[in-house]
Amino acid sequence: MPEERIRPPRWLKPLNKVLMVLLRLGVPISRVEAPVVLTVPGRTSGKPRSTPITPMHVDDKRYVVNSYPGADWVSNVRAADQATLTHGRRSERVRMTELPPDAARPVLREFPAQVPTGVDLMKRVGVLSEGTPDELQGLAGRLPVFRIDPIT
């Protein structure tokens with residue numbers, strides 16, 4: 001069965017381009033969250049593809065939640081063996097491992113507290129109605145969650 005795809009709002013792509021420029025310059029975007037630029041080879045072209053993401057910390061590990069089922073960056077991460085996270089002049093090579101639904105549930109429960117702007121976006125496009133921890137946890141298996149591990 002193909003993965004459900006939810007189209008992000010039209011304004012998101014231009015906003016992401018602006019955010020990526022600011023993040024690459026090292027400009028702080030938020031006091032609550034720490035977005036970074038994720039760069040990964042395109043699954044068909046092999047060309048670098050970048051998007052802003054907001055990692056979160058749970059039990060001393062970093063994770064990222066996909067806010068839109070069917071997002072291209074998720075397919076690219078699944079096809080790649082490594083990625084790069086960048087903020088300002090700092091770059092880090094990482095491996096991203098997708099979690100099975102049972103392991104994703106506790107991470108999804110933390111998402112509303114750690115990434116409130118992500119919850120707001122998800123409510124705007126209809127992925128969420130309330131944005132509660134219970135609602136997010138219930139989307140395990142539908143919203144991909146990746147653990148971010150540094151490559152040493």
Side-chain angles (χ1 to χ4, degrees), residues 1-40 42-43 48-78 80 83-88 90-92 94-150:
M1 184 169 142
E3 183 176 5
E4 175 189 359
R5 183 173 181 90
I6 293 179
R7 292 262 174 221
R10 281 189 209 145
W11 50 263
L12 188 60
K13 193 168 193 168
L15 176 64
N16 280 348
K17 288 181 187 279
V18 171
L19 285 175
M20 286 189 297
V21 168
L22 294 173
L23 291 168
R24 286 184 171 131
L25 291 172
V27 175
I29 303 292
S30 170
R31 288 184 226 184
V32 178
E33 305 155 347
V36 297
V37 176
L38 166 70
T39 304
V40 65
R43 64 194 173 281
R49 301 292 181 201
S50 297
T51 192
I53 62 167
T54 304
M56 50 186 275
H57 291 80
V58 177
D59 296 329
D60 295 324
K61 291 186 171 46
R62 288 180 298 171
Y63 299 91
V64 66
V65 174
N66 172 35
S67 300
Y68 299 99
D72 287 333
W73 74 262
V74 170
S75 299
N76 290 336
V77 164
R78 286 174 174 154
T84 303
L85 300 180
T86 306
H87 186 270
R90 291 183 310 122
S91 285
E92 175 186 19
V94 297
R95 210 171 299 293
M96 298 180 69
T97 305
E98 189 168 358
L99 302 182
D102 285 343
R105 284 186 182 92
V107 177
L108 288 166
R109 283 195 71 75
E110 282 292 316
F111 190 74
Q114 293 196 32
V115 190
T117 57
V119 171
D120 290 343
L121 276 171
M122 292 165 77
K123 284 167 48 176
R124 282 186 185 179
V125 297
V127 174
L128 298 174
S129 56
E130 304 286 320
T132 64
D134 287 343
E135 184 180 16
L136 265 292
Q137 178 178 311
L139 294 174
R142 183 170 167 226
L143 292 178
V145 176
F146 293 89
R147 186 182 66 239
I148 303 168
D149 297 313

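Every heavy atom of this structure was used, including side-chain atoms; hydrogens, water molecules and symmetry mates were not. FYI, the numbering just counts along the sequence from 1.
- The main-chain N or O of R43 is found under 3.5 Å from a side-chain atom of N76 such that the two form a donor-acceptor pair.
- Residue M96 comes nearest to A83 through the heavy atom pair SD-CB, 4.1 Å, listed as atom of the first residue, atom of the second, then distance.
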> When you look at I53 and F146, which way does the side chain to side chain contact (heavy atoms under 4.5 Å, CB included) test go after all the steps?
Replying inline: CA-CA 11 Å; I53 62 167; F146 293 89; over 6 Å; no
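- Shortest non-hydrogen contact noted between E110 and M56 is CB-CE, 3.4 Å.
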> Going through the checks in order, is the side chain to side chain contact (heavy atoms under 4.5 Å, CB included) test met by Q114 and V58?
Replying inline: CA-CA 10 Å; Q114 293 196 32; V58 177; 4.1 Å; yes
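- Taking each heavy atom of A80 and V40 in turn, the nearest pair found is CB-CG2, 3.3 Å.
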> Stepwise, does the side chain to side chain contact (heavy atoms under 4.5 Å, CB included) test hold for L99 with V107?
Replying inline: CA-CA 10 Å; L99 302 182; V107 177; 4.1 Å; yes
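- The side chain to side chain donor-acceptor pair (under 3.5 Å) search around S91 returns T86, not counting sequence neighbours.
- Of all heavy-atom pairs spanning T39 and S50, the tightest one is OG1-OG, 2.7 Å.
- No side-chain donor-acceptor contact under 3.5 Å links R105 and Q137.
- Note that the CD atom of E135 and the CG atom of L108 stand 11.0 Å from one another [nearest 0.5 Å].
- Proximity of S67 to F111: side-chain heavy atoms (C-beta onward) are separated by under 4.5 Å at one or more points.
- Taking every heavy atom of both residues into account, P35 and H87 meet most closely at O-CD2, 3.5 Å.
- Considering all non-hydrogen atoms of both residues, A113 and P116 come closest at O-CD, 4.0 Å.
- Residues satisfying the side chain to side chain contact (heavy atoms under 4.5 Å, CB included) criterion with E92, sequence neighbours excluded, are R62, L85, V94, P150.
- Listed by chain and number, the residues in a side chain to side chain contact (heavy atoms under 4.5 Å, CB included) with D149 are T97, R147 (sequence neighbours excluded).
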> Could you walk me through whether V127 and L139 pass the side chain to side chain contact (heavy atoms under 4.5 Å, CB included) check?
Replying inline: CA-CA 9 Å; V127 174; L139 294 174; 4.2 Å; yes
